[in-house]
Q: 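First, the structure itself, so that you have it in front of you.
What's counted below: heavy atoms across the whole structure, side chains too, no hydrogens, waters or symmetry copies. Whatever order the structure lists ligands and atoms in, that order sets their numbers, starting from 1.
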Amino acid sequence: MRIAIIGYGKMGQLIEKLATEKGHEIVYKIDSHNTKLTANLENIDVAIEFTHPEIAVSNYKKLAGQNIPIVTGTTGWTDNFDEVEKLIQDTGNRFFYASNFSIGVHLAMATSNYLAKLTENFPEYSVRIDEWHHTAKKDAPSGTALSFGREIINNHKGYKKISTEPTDIQEGELPIYAYRENDIPGTHQIKYDSEIDSIILRHEAKNRQGFALGAIKAAEFLVNQKPGVYTMNDLIKLPL
Ligand SMILES: NC(=O)C1=CN([C@@H]2O[C@H](COP(=O)(O)OP(=O)(O)OC[C@H]3O[C@@H](n4cnc5c(N)ncnc54)[C@H](O)[C@@H]3O)[C@@H](O)[C@H]2O)C=CC1
Ligand SMILES: O=C(O)C1=N[C@H](C(=O)O)C[C@H](O)C1
C-alpha cells in the first residue's frame, strides 16, 4: 500500500518503521508543523492518523473530502462520533477507528463483556476500571478505558453511566481511574470486587508494537472494503 501518515509522533514513527518492513510505501509524513492536508494527497491508498484529540475530526474532514480511506487511532474525540459517521456516509468514504488496535485488548474486551454478563446477577460484585499511561498522554481517561466501560454498561444492567471523576460513586455508576507515570505504553484493569473475593482482568501493553501492527492490519483490511465505518469487530471476528 501507498500510505500517508498523519501525525508523526510516537505512533506515526513506529507505524512508518513496521509498515516499511512489511513492504508498504510511506508517501507522506504529515505533522503539526506541516499540516498541508489541504494539499492534495495524491496517489495514496490509505491515511493512517494518530494525532491529538482536538485536531482529529478536522483531519478526518480534510481526508474524507479527498475520498481517502482513513484508519485512525486518535482518542478523545468520540463525543463527535455521530458527526464523523455522517461525514463518512455523506462522502461515501471508508473509516476504521479503534481506541486500541492491539489484538490483546480486543480479546480482553470480549472477555470483559462476557464477565459483565456473568456477574450481572451477582450484585455483591462492584466493578471499577483503572488505567495507567505515560505522562505525555493528553486525554484521560484513555479511549480504551472508556471503551471497556461502555461495553460493560451494554452488558450489565446494573451499570448506567461512567464516572470519570470518581470521588462519590452513585448507584449504577462505573468509575474509571486514570494514572500517568513514566512511559507506560498502556495498562488497563477491570476489577470486580466483593466482600469475599475479587475477579481481576488486566491487559498490559509491553510496548507500542501491538497498536502499530494492528493499525497496519486495519489499513490492509480497509482498502478492500466497501464504503462504511469499521471497527476491530470487523477485522477480528471472535467465536462468542
Ligand atoms: N488506538 C490505539 O491503538 C492507540 C491510540 N493512541 C492515540 O493516538 C494519539 C497519538 O498518540 P501518540 O502517537 O502517542 O502521540 P504523540 O503526541 O507522540 O504524536 C501525535 C503527533 O501528532 C502531531 N499533530 C498534532 N496536530 C497535528 C495536525 N493537525 N496534523 C498532523 N499532525 C499533528 C503532533 O505533532 C505529534 O507529533 C493519541 O490520541 C493516543 O491516545 C496511541 C497509541 C495506540
Ligand atoms: O496514548 C496512548 O499511548 C494510548 N492511547 C490509547 C487510549 O487512549 O486508549 C490506546 C493505548 O492505551 C495507548
Q: For Lys137, which part has a heavy atom under 4.0 Å from ligand 1: side chain, backbone, both, or neither?
A: side chain
Q: Go through ligand 2 atom by atom and flag the ones less than 4.0 Å from a non-hydrogen atom of Lys137.
A: 1 (O), 2 (C), 4 (C), 5 (N), 6 (C), 7 (C), 8 (O)
Q: Can you name the atoms of ligand 1, numbered from 1 with element, that are less than 4.0 Å from a heavy atom of Ile30?
A: 31 (C), 32 (N)
Q: Name the closest protein heavy atom to atom 11 (C) of ligand 2, giving the residue it belongs to and the distance to 0.1 Å.
A: His133 NE2, 3.6 Å
Q: Answer yes or no: is there a side-chain heavy-atom contact under 4.5 Å between Thr75 and Ser142?
A: no
Q: Under 3.5 Å between some N or O of ligand 1 and some N or O of Ile55?
A: no
Q: What do you reckon, does Phe101 put a non-hydrogen atom under 4.0 Å from ligand 2?
A: no
Q: Taking heavy atoms and a distance under 4.0 Å, where does His52 meet ligand 1: side chain, backbone, both or neither?
A: side chain
Q: Verify the ring-centre separation between Phe101 and Phe96: is it less than 6.0 angstrom?
A: yes
Q: N/O of Phe101 under 3.5 Å from N/O of ligand 1, yes or no?
A: yes
Q: Quick one: does Arg208 get an N or O within less than 3.5 Å of an N or O on ligand 1?
A: no
Q: Mind checking whether Thr144 has an N or O less than 3.5 Å away from an N or O of ligand 2?
A: yes
Q: I need the atoms of ligand 1 closer than 4.0 Å to a non-hydrogen atom of Tyr8, numbered in the order shown.
A: 37 (O)
Q: Which of the numbered atoms in ligand 2 are below 4.0 angstrom from a heavy atom of Gly143?
A: 7 (C), 8 (O), 9 (O)
Q: Flag the pair Phe95 / Tyr230 as yes when their ring centroid distance falls below 6.0 Å, and as no otherwise.
A: no
Q: Kindly state each residue pair satisfying ring pair (Phe, Tyr, Trp, His ring centres under 6.0 Å) with at least one member in residues 126-156, sequence neighbours excluded.
A: Trp132-Tyr179, His133-His188, His156-Tyr159
Q: Which atoms from ligand 1 have a heavy atom of Gly9 less than 4.0 Å away?
A: 18 (O), 19 (O), 21 (C), 37 (O)
Q: Within the structure, does Ala98 bring an N/O atom to less than 3.5 angstrom of an N/O atom in ligand 1?
A: yes
Q: What do you reckon, does Pro185 put a non-hydrogen atom under 4.0 Å from ligand 2?
A: yes
Q: Kindly confirm or rule out an N or O of Arg208 lying under 3.5 angstrom from an N or O of ligand 2.
A: no
Q: For Asp45, give me all partners under side chain to side chain donor-acceptor pair (under 3.5 Å), at least two apart in sequence or on another chain.
A: none
Q: Could you name the option among Ala178, Gly186, Ser99 that has the heavy atom nearest to atom 6 (C) of ligand 2?
A: Ser99
Q: Counting heavy atoms only, name the option from His134, His188, His52, Met11 that's nearest to atom 2 (C) of ligand 2.
A: His134
Q: Answer yes or no: does an N/O atom from Met11 fall short of 3.5 Å to an N/O atom of ligand 1?
A: yes
Q: Can you see which heavy atom on Pro175 is nearest to which on Val127, and at what distance?
A: CD-O, 3.4 Å
Q: Check each heavy atom of Ser102 against ligand 1 and say whether those closer than 4.0 Å belong to the side chain, the backbone, both or neither.
A: neither
Q: Please give me the minimum heavy-atom distance between Glu131 and Ala145, naming the atom from each residue.
A: CG-CB, 3.9 Å
